[in-house]
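Read the structure below first, then the notes.
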Amino acid sequence: MAAAQLLDNLISINHRIDPYYELQLMDDHLLIINKSSKLPKYKIPVHNWHSEELVILQKWSSGSAVEHQLREIELAGRQSNLLALIRHLKDKIFIKLKNYKVRNWLYNGLSQYQDMISLREHYHLYQNLVGKTEKDHFHFIISQEFIDLPFTNRLIEIGSCSKLNEDVFHHEIKNRWVIIAANQELSYFQQQQIYRLGERNPFILAFTLDLKEQRMLMGPRLNQKIHGCLHCIDSIDEKIIEHSASAGTTDDELKDYFFRAIESEMLDLMIDESYQYNSGFSSTIGKQFIFDLQNDYVAYKQIRKNMACPVCMNMDLKGGEKDEKRIEFGFGF
């Protein structure tokens, strides 16, 4: 067998079951069940399958690893009903490991909205977001200090990644969303370069976590035509809206909250995008939240492009106005 053909046949070694579905063996049938509706999408008779295949199915349906058993069947070149089924439903039910990680993140994230939308709407939203994220929807620009954290590894699984340094801005980034996770306030040069990214990538979301100052900046979404740039945010004074910033939080708790907030906003922004911004899931579109644990307060900014902003003016773009509002916003771990 040619090497290319062998490689093509070994499709199930690094495949998983789409997290939206589960396997059940019942009355000599294999049921592939939609977890949300609890209804079978496929019903396959298995009365003439080999006992070895049924054992693998039972292990797979219970969440056990079966790559070794599947590899043995494939390398031996034996006829297999199970492998034939996997190939037939490839990319539908049985998906690559990388895609599984993306879909599992989406499925778990969307589970919190199951009571808010219908089962049919939930399914279509899942399929819509799967289509977006599996096409390199996200690119993360992350400070060196965050690169090796487990939270960062989880993000990298659902997108591509670059280190936050001067070199990153010399490479073309074509992803729809650029997410910036920085460990300190960005320099004027970085602000200019990020703003230039907005000419090619209209969706940019910036987050900053300063452990030394015990301070987090979350958002806003940057849009050069409406929201301005990071320097526009600096021109607006903070106003305290709440005194519940959980002082005494450990660095690890703060990091965990920081990255969970990024993941939550990513998902909410995609949902807003899917609904054409008619649902208001995201809290950072045109907004920035400031969590200051040292001074025990939460602040909120709403921005518009500032006519006097030197970054915007350097880009030869027109300005706008700035605004700030008070809201109620809880914070806790």
I'd like to check [X] versus [Y] (side-chain heavy atoms, cut-off strictly below 4.5 Å). Are they in contact?
X    : Y    : value
Y21  : Y42  : no
E263 : L155 : yes
I44  : I32  : yes
C161 : I147 : yes
K255 : L211 : yes
E185 : L217 : yes

What's the separation between atom [atom1] in [X] and atom [atom2] in [Y], rounded to the nearest 0.5 Å?
X    : Y    : atom1 : atom2 : answer
R16  : K96  : CZ    : NZ    : 14.0 Å
T133 : M270 : OG1   : CE    : 5.5 Å
N183 : T208 : CG    : OG1   : 8.5 Å
L205 : T284 : CG    : OG1   : 4.5 Å
E72  : Q69  : CD    : CD    : 7.0 Å
S282 : E273 : OG    : CD    : 11.0 Å

Go through the side-chain N and O atoms of [X] and [Y] and say whether any donor and acceptor fall under 3.5 Å apart.
X    : Y    : answer
D268 : Y113 : yes
S283 : E265 : yes
Q184 : S143 : no

Can you give me the closest heavy-atom contact between [X] and [Y], atom names plus distance?
X    : Y    : value
K38  : I33  : C-CG2, 3.6 Å
L110 : H122 : O-NE2, 3.3 Å
N128 : S274 : ND2-OG, 2.6 Å
M216 : L254 : CE-CD1, 3.6 Å
K43  : L31  : CG-CD2, 3.4 Å
K92  : D18  : O-OD2, 3.9 Å

Any chance CG of N48 has more than 12 other-residue heavy atoms, nucleotides or ligands included, within less than 6.0 Å?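 Check passes, neighbour count above 12.
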If you count every heavy atom of other residues, nucleotides or ligands that lies below 6.0 Å from Q112 atom CD, does the total exceed 12? yes
Linking I/L/V/M/F/W/Y whenever any side-chain heavy atoms sit under 4.5 Å apart, do [X] and [Y] land together?
X    : Y    : value
Y20  : L23  : yes
L186 : V178 : yes
F281 : L267 : yes
W105 : I156 : no
L39  : L125 : no

Audit row: F259, F146, ring pair (Phe, Tyr, Trp, His ring centres under 6.0 Å) steps and yes/no: CA-CA 10 Å; F259 280 96; F146 295 149; 5.4 Å; yes
Going by salt bridge (Lys or Arg N to Asp or Glu O under 4.0 Å), name the residues that satisfy it together with E157, two or more places apart in sequence or in a different chain.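 In terms of salt bridge (Lys or Arg N to Asp or Glu O under 4.0 Å), with neighbours along the sequence ignored, E157 is linked to K101.
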Qualifying residue, where the test is ring-ring contact (aromatic ring centres under 6.0 Å, His included) with F289 and the options are Y300, F207, F258: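 Exactly one candidate clears the test, Y300.
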Between the side chain of [X] and the main-chain N/O of [Y], is any donor-acceptor distance below 3.5 Å?
X    : Y    : answer
K35  : P19  : yes
Q288 : M218 : no
S264 : A261 : no
D256 : D252 : no

Give the intermediate values and the outcome of side-chain contact (heavy atoms from CB on, under 4.5 Å) for residues L70 and W60. CA-CA 11 Å; L70 292 172; W60 209 354; 4.3 Å; yes
